[in-house]
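Below, each value reflects all heavy atoms present in this structure, side chains not excepted, and no hydrogens, waters or symmetry copies. Both ligands and their constituent atoms are indexed starting at 1 by order of listing.
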Amino acid sequence: MTSDVEFRNVSKFFGTHAAVDNISFSVPAGSFFSLLGPSGCGKSTTLRMTSGFEFPDRGDILIAGENMAGIAAYRRPTNMVFQRWALFPHMTVFDNIAFGLSVERQPRDIIRRRVGEALELVGLTQFASRKPRQLSGGQMQRVALARALVKRPKVLLLDEPLGALDLKLRMQMQLELKRIQREVGTTFIYVTHDQGEALTMSDQIAVMNNGRIDQLGSPQEIYDHPATRFVAGFIGNANLLPVQLAAEGAGRSAGMATVSMGGFTFPTQIAQEPTGDKGWIVIRYERIRVGDAARAMPIRTQARVRDAIFAGSTVHYVMAIEPAGTEITVETGHDGLSSPLMQGSLVDIGWEPGVTRLFGDV
Ligand SMILES: Nc1ncnc2c1ncn2[C@@H]1O[C@H](COP(=O)(O)OP(=O)(O)OP(=O)(O)O)[C@@H](O)[C@H]1O
Ligand SMILES: [Mg+2]
């Protein structure tokens, strides 16, 4: 597979602070690639270096195989969509989208055809003569997208483009964006701090933490097999519990180790080999079974229900594992049929050995 964008050991410093710290990755042509991470981890800086609004202090950036060192933004085959759409308020939707082509002095009939195609792509054909203030937030976002796509960039860079929309509209636009990306086949590099957004849309996700890439993989790989404690905690709802490792070699086989937590001993998958005899296990809320379902699990124990948090389609129960009281959160589906667990009651909980992942103490 050819790659459209490649970072080779790229760093960017602001003063002495490495906003981007020696990252390498490549984005396959025609794919939807997301940079995901918390505020300040270096996502926008990475995107701005791709577009040529910033330049790296170290390393190389290649686009379509060509080194971008010293190449200005306007000469790169990229285009950017921002969180704040910055449409021209006095121009119609049509003229906003046509702007870039007019600047290039494209012939009028070509502009009309390409803007027409772009309007159709984003479903705004009948809004061509409106002004931005006569549009909803989602419609303005579509205009911004059409304006970026009409110039047919090789790579489209999107920096939290849905951040200003409400949740419902954001989810609808996520599906729209994915459809449009498939339809035009342009490579998308999408920046977000919203894990749900990244999981829904991406072919590949690079999870960033403090200027570095902690893990790069498909949404499912990252969700099911987080490579670091940070990734495990950042994506999805997970318990992070301190454990003691069994004596050297005991219970070791094919990537599994035996650990104990307040007297409760069980096998776990090893994600990262601990250096000492202490570590952490990560277990997702929804992988823990309760009651009858727990009794069929190879690993099981008892826990006391402390608290219930109702979240609509699911309920989170905060429990204390007996006898030591280690706190664990369990998610159950709220199907309206099963009766809720009573606070203070003692219940069975259990899981499969493959669902816990062991990480080192750092
Ligand atoms: N022009 C600048 N001058 C100095 N420091 C900067 C500059 N731009 C970014 N930084 C710093 O670099 C780090 C990374 O910033 P960046 O904007 O890439 O983060 P981000 O992941 O996009 O965060 P957010 O989700 O909040 O947008 C931050 O610590 C930020 O304060
Ligand atoms: Mg940013």
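Heavy atoms of C41 approach ligand 1 to within less than 4.0 angstrom. No heavy atom of K12 sits closer than 4.0 Å to any atom of ligand 1.
When the shell of 6.0 Å around CZ of R287 is examined, it contains more than 12 heavy atoms from other residues, nucleotides or ligands. The environment of H316 atom NE2 is dense: over 12 non-hydrogen atoms of other residues, nucleotides or ligands sit within 6.0 angstrom. Residue M297 places its CE atom among more than 12 non-hydrogen atoms of other residues, nucleotides or ligands, all under 6.0 Å distant.
In terms of polar-atom proximity, defined here as any N/O pair under 3.5 Å, S39 does make such a contact with ligand 1.
For the atom pair CG of L167 and CG of D194, the computed distance is 8.5 Å after rounding to the nearest 0.5 Å. Taking CG of D214 as the start and CD1 of I222 as the end, the distance is 10.0 Å to the nearest 0.5 Å. E176 CD to L121 CG: the interatomic distance, rounded to the nearest 0.5 Å, is 9.0 Å.
Looking at K43 against ligand 1, both its backbone and its side chain come within 4.0 Å, counting heavy atoms. When heavy-atom distances to ligand 1 are checked against a 4.0 Å cut-off, E160 comes that close only through its side chain, counted from C-beta outward.
Taking a distance limit of 4.0 Å, we find that atom 31 (O) of ligand 1 is approached by no protein heavy atom.
Counting the atoms of ligand 1 from 1 in the order shown, those under 4.0 Å from a heavy atom of H17 are 29 (O). For ligand 1, the atoms lying closer than 4.0 Å to a non-hydrogen atom of S44 are 17 (O), 18 (O), 20 (P), 22 (O), 27 (O).
With respect to atom 14 (C) of ligand 1, the closest heavy atom belonging to the protein is G40 O, 3.5 Å. Nearest protein heavy-atom contact of atom 12 (O) of ligand 1 is A19 CB, 3.3 Å. For atom 1 (N) of ligand 1, the closest non-hydrogen atom of the protein is F14 CE2, 3.7 Å. The single protein non-hydrogen atom nearest to atom 15 (O) of ligand 1 is T45 OG1, 3.7 Å, given as residue, atom name and distance.
Clustering ILVMFWY residues whenever any of their side-chain heavy atoms sit less than 4.5 angstrom apart, transitively, puts F33 in the very cluster that holds M208.
Note on D203 versus K178: salt bridge recorded, some NZ/NE/NH1/NH2 to OD/OE distance being below 4.0 Å.
Residue contacts to the Mg ion (ligand 2): S44 brings an N, O or S atom closer than 2.8 Å.
The aromatic rings of Y190 and F32 sit tilted relative to each other, their planes meeting at an angle between 30° and 60°.
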